[in-house]
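Computed over heavy atoms, backbone and side chain alike; hydrogens, waters and symmetry mates excluded. In the text below, chain A, chain B and the rest are named by the order of the sequence lines, each starting its count at 1.
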Protein chains: 2
Amino acid sequence: MVANTFRARVRAGMIEEIKSVARRHLATDGANLSLRAVARDLGMVSSAIYRYFPSRDDLLTALILEAYEALGDAVEAADAAADPADLRGRWHAVCRAARSWALAHPAEYALLYGSPVPGYAAPDTTVEPAQRPPVTLVGILRDGLAAGQLTPPPADELPEPVRADLAEIAAAYFPGLPEALLARGMAGWTQLFGLISFELFGRINRALPHRDEYFDHQTGLMADLIGLPH
Amino acid sequence: MVANTFRARVRAGMIEEIKSVARRHLATDGANLSLRAVARDLGMVSSAIYRYFPSRDDLLTALILEAYEALGDAVEAADAAADPADLRGRWHAVCRAARSWALAHPAEYALLYGSPVPGYAAPDTTVEPAQRPPVTLVGILRDGLAAGQLTPPPADELPEPVRADLAEIAAAYFPGLPEALLARGMAGWTQLFGLISFELFGRINRALPHRDEYFDHQTGLMADLIGLPH
DNA sequence: CAACCGTCAAGAGCGGTGCTCTCGGTTTTG
DNA sequence: CAAAACCGAGAGCACCGCTCTTGACGGTTG
């Protein structure tokens, strides 16, 4: 397997080229991109694509994985670039980074967070990169608690079954994070997703010309709910 | 035009039958339902469908309109059935009604709130019924303010451009509602959409077996943010 | 009563889709 | 150098939305 580097290289290049063209088609055709159209753009015949991707769904999966990584990178980079002690600044930075990426790549965002493609079932390999953005967001709460800048809500506000469920999530991703705080962090993530989706998919935009400021205010409301200090 | 009532009746029945079968297909095929398959189920030839719907998109539009009305009816009925003075009870009732309808009709929900169908552009006739659910939800705040059970947040927490945008929305749908309260109400609506979408589309469900309790707690958090009395 | 004309289902056909299989030609490998 | 692996092209299958034409049916009207 060491000697076939040339073949492997040109093959990898071809795979990248296919993905690149497919990504371009994604912007216009949405989730129902056409293998034949991609092949046409590459000057190939449709059946040749099957040498590189066993099916259209596998090509979609590759694009989804890349999109998750790109979003995760953008979000984590925004968090890393902010002042680690400025919790609210980090919160807004992460939210804005997710929104910016979504606005710059609406088709990819729709692929990740839109209604699922009818016949398509996302493989398990996508579950791990999908959790990077929310983990980054809620990670701010973990850091804030460790720094003493955040006081957890009363634990008894959670019904027992919810607390138990959240305890498992906390054990896996945020050891030591109180469940009630995790619940609020997940509310923030849900809100972030809702805001971006409404802006991208919905028609509410007409009535809200100042979308940047509205977005910041709404994410700020969630920061208030969490208790992030001003 | 008075005498052809028989023709009109059988025609209306046919339209209903087509929509019914299409709705059934929607559950399995999602947004890309097939006219030919619908025609097959009806024992017709595909071209016959075009006597009743000028295109596939028009059939989709009809289904979307029906779905909006069904959701709006469910939400408004839940609000009307609750004690008008129990703001928190109404809030939870409306949220639960929306979620229940979505869980019972996931394909229709995806059609309404999922990623838009690539080539499809929703006509303007859908914009009015689309606003019934959020208007119902935020209407609880209007009633609460009128009853003196709700104190509006400080008005200066809103940046001026956002306040101006929200003022126009308030003038159109909730005259007299303070902008800061409207902002919180819209945050609740965004959260509701995010919660339902995550449950329907996402894979977070695995880690949260107690979805009913989680949903209630998350919507309760938003009620807290709004200031709805316990 | 009969002619008429709108409505309807059916069929053929166009260009498109994902996908499979076979066939040659090239490249890498043993 | 021969064998094996790889690759692109092409034909073909079944499906799709949509258009156009044809023939039959049946209320409306002269």
Side-chain angles (χ1 to χ4, degrees), chain A residues 1-19 21-22 24-26 28-64 111 116-123, chain B residues 1-19 21-22 24-26 28-64 111 116-123:
Chain A
M1 287 296 170
V2 180
N4 63 354
T5 50
F6 175 73
R7 253 234 151 76
R9 268 246 280 275
V10 63
R11 180 178 174 86
M14 196 70 204
I15 288 181
E16 279 311 309
E17 206 163 353
I18 292 176
K19 284 198 287 190
V21 175
R24 217 164 53 224
H25 274 80
L26 210 63
T28 65
D29 301 342
N32 49 8
L33 87 164
S34 142
L35 275 190
R36 293 180 118 106
V38 172
R40 259 197 304 274
D41 275 20
L42 290 168
M44 306 198 311
V45 139
S46 69
S47 58
I49 302 278
Y50 288 83
R51 299 280 177 200
Y52 302 93
F53 293 94
S55 81
R56 200 194 73 119
D57 283 3
D58 291 84
L59 175 55
L60 268 184
T61 299
L63 295 178
I64 288 177
L111 210 56
V117 185
Y120 176 79
Chain B
M1 287 297 169
V2 181
N4 63 353
T5 50
F6 172 74
R7 266 230 144 83
R9 269 244 280 274
V10 63
R11 179 179 175 83
M14 198 66 203
I15 287 181
E16 279 310 311
E17 205 164 351
I18 292 176
K19 284 199 286 189
V21 175
R24 217 164 53 223
H25 274 79
L26 212 61
T28 64
D29 301 344
N32 49 10
L33 85 163
S34 144
L35 276 191
R36 293 178 117 106
V38 172
R40 259 197 305 273
D41 275 19
L42 288 168
M44 306 199 309
V45 134
S46 69
S47 56
I49 303 276
Y50 288 84
R51 295 279 173 198
Y52 303 93
F53 292 95
S55 79
R56 198 195 73 121
D57 282 2
D58 291 84
L59 175 56
L60 267 184
T61 299
L63 296 178
I64 289 176
L111 210 56
V117 185
Y120 176 80

Return the polar atom pairs (N/O with N/O) between nucleotides 6-9 of chain C and the protein under 3.5 Å, or none.
from: C/dG6; atom 1: N2; to: B/R7; atom 2: NH2; distance (Å): 3.4
from: C/dC8; atom 1: OP1; to: B/R11; atom 2: NH1; distance (Å): 3.2
from: C/dC8; atom 1: OP2; to: B/R11; atom 2: NH1; distance (Å): 2.7
from: C/dC8; atom 1: N4; to: B/R51; atom 2: NH2; distance (Å): 3.4
from: C/dA9; atom 1: OP1; to: B/Y52; atom 2: OH; distance (Å): 3.2
from: C/dA9; atom 1: OP2; to: B/Y52; atom 2: OH; distance (Å): 3.4
from: C/dA9; atom 1: N6; to: B/R51; atom 2: NH2; distance (Å): 2.6

Touch class at under 4.0 angstrom, heavy-atom based, for [X] against every strand present:
X     : value
A/L42 : nothing
A/L59 : nothing
B/S55 : sugar-phosphate

Are A/M44 and A/M14 close enough that some pair of their side-chain heavy atoms sits under 4.5 Å apart? yes
Please examine the side chains of A/D41 and A/H25, heavy atoms only from C-beta on, and report whether any two atoms are closer than 4.5 Å. yes
Nearest 0.5 Å, what's the [atom1]-[atom2] distance between [X] and [Y]?
X     : Y     : atom1 : atom2 : result
B/I18 : B/I49 : CD1   : CD1   : 4.0 Å
A/F53 : A/L59 : CZ    : CG    : 5.0 Å
B/L60 : B/L26 : CG    : CG    : 7.0 Å

Quickly work out the [X] [atom1] to [N] [atom2] distance and round it to whole Å.
X     : N      : atom1 : atom2 : value
A/L35 : C/dG18 : CG    : P     : 5 Å
B/L33 : C/dT17 : CG    : C1'   : 16 Å
A/N32 : D/dG17 : CG    : C1'   : 13 Å
A/R9  : C/dT27 : CZ    : P     : 17 Å
A/R36 : D/dC13 : CZ    : C1'   : 11 Å
B/R56 : C/dT17 : CZ    : C1'   : 13 Å
B/D57 : D/dC16 : CG    : P     : 17 Å
A/D58 : C/dT20 : CG    : C1'   : 16 Å

Pairwise side-chain hydrogen bond (donor to acceptor under 3.5 Å, both in side chains) hits with a residue in residues 49-63 of chain A, at least two apart: A/S55-A/D58, A/T61-A/Y120
Would you please name every residue forming a salt bridge (charged side-chain N to carboxylate O under 4.0 Å, His left out) with A/E17, sequence neighbours left out? none
Does B/S46 have a side-chain nitrogen or oxygen under 4.0 Å from the phosphate oxygens OP1 or OP2 of D/dG17? no
